Amino acid sequence: MWPSGDLQGNFQAVGFVRVQTVRFYIELPESDEQKEQLEKLSSVLILLNPDDSRFWCYRKRILHDSVDAELLAGELWLASHPLKLKPKSAEAFNHCKWLLHNNRDLVTRHFVTEQLRICQETASQYKHNYYSWTYRLWLVKNFQDLLHFTREMAASKTWIESHISDYSGMNYRFI
């Protein structure tokens, strides 16, 4: 049972979710109902604290066998949504990398373009965002067949011109 909207109740809810997730993480749930419950619980915890690798690892265990384009899109949304609040979350960027790398046959230009947009937003939110630029470089190197290199260079040039004091974009262009 979920606590009411008071602050103490919210902390109890987070504790409850953590205990349930850790309990299920030890053994993968066998019933579909337990699996669905744990997917929801881990999603909540990821949105609350995207830097906790246990929940990302659990998501990887769930997704390892069966991923379709719709599930990939939803999981990329889940991974990129916490970056709006924590633009330097290495765990979220690593999960995006893992998803795209392990489901390469499902990756389209739309997925890659959306991830580049997210990189641009996170780089703008937090000055010298190493994780964002490293992820962007990984995307360009691994999905160059889906990208137009000249457009990517033009986009990074525009970003550099509008963020003069942030040299991380210039380092990206030289690599």
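FYI, side chains are in, hydrogens and waters are out, and symmetry mates aren't considered; it's all heavy atoms of this structure. Since we're looking at a predicted model, the values are computed, not measured.
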Could you tell me whether a side-chain N or O of [X] sits under 3.5 Å from a main-chain N or O of [Y], the two making a donor and an acceptor?
X      : Y      : value
Asn103 : Leu106 : no
Asn49  : Leu45  : no
Arg104 : Asn142 : yes
Trp77  : Leu72  : no

>> Classify the ring geometry of Trp138 against Phe143: parallel below 30°, tilted from 30° to 60°, perpendicular beyond 60°.
In response: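 If you compare the ring of Trp138 with that of Phe143, the planes turn out perpendicular.
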Shortest non-hydrogen separation from [X] to [Y] and the atoms involved:
X      : Y      : answer
Ala123 : Trp133 : CB-NE1, 3.6 Å
Trp56  : Leu78  : CH2-O, 4.2 Å
Ala79  : Pro82  : O-CD, 3.5 Å
Phe93  : Ser132 : CZ-CA, 3.8 Å
Val67  : Leu63  : CG2-O, 3.0 Å
Asn129 : Pro87  : ND2-O, 2.8 Å

>> Between Tyr135 and Leu100, is the side-chain contact (heavy atoms from CB on, under 4.5 Å) condition met? List the steps.
In response: CA-CA 11 Å; Tyr135 180 53; Leu100 294 174; 3.3 Å; yes
Just jot down the side chain to side chain contact (heavy atoms under 4.5 Å, CB included) partners of [X], sequence neighbours excluded, or say none.
X      : value
Asp105 : none
Leu85  : none
Thr113 : Arg109

> Does atom OH of Tyr131 have more than 12 heavy-atom neighbours, drawn from other residues, nucleotides or ligands, at distances under 6.0 Å?
Replying inline: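 Open: at most 12 neighbouring heavy atoms sit under 6.0 Å from OH of Tyr131.
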Pairwise distance [atom1]([X]) to [atom2]([Y]) - rounded to 0.5 angstrom:
X     : Y      : atom1 : atom2 : answer
Phe55 : Ser42  : CZ    : OG    : 8.0 Å
Leu41 : Ile46  : CG    : CD1   : 11.0 Å
Trp98 : Lys60  : CH2   : NZ    : 7.0 Å
Cys96 : Gln115 : SG    : CD    : 4.5 Å

> How would you list all residue pairs meeting salt bridge (charged side-chain N to carboxylate O under 4.0 Å, His left out) that involve residues 112-122, not counting sequence neighbours?
Replying inline: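 Residue pairs with at least one partner in residues 112-122: Glu114-Arg117, Arg117-Glu121.
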> Applying salt bridge (charged side-chain N to carboxylate O under 4.0 Å, His left out), which residue pairs with at least one partner in residues 71-93 are found, sequence neighbours left out?
Replying inline: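 Matches after skipping sequence neighbours: Asp51-Lys86, Arg59-Glu75.
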> By salt bridge (charged side-chain N to carboxylate O under 4.0 Å, His left out), which residues pair with Lys40, not counting sequence neighbours?
Replying inline: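 Scan of Lys40 (salt bridge (charged side-chain N to carboxylate O under 4.0 Å, His left out), adjacent residues dropped) gives Glu36.
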> Between Tyr58 and Glu39, do the side chains contain an N or O donor and an N or O acceptor separated by less than 3.5 Å?
Replying inline: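 Note: Tyr58 and Glu39 side chains miss the donor-acceptor criterion.
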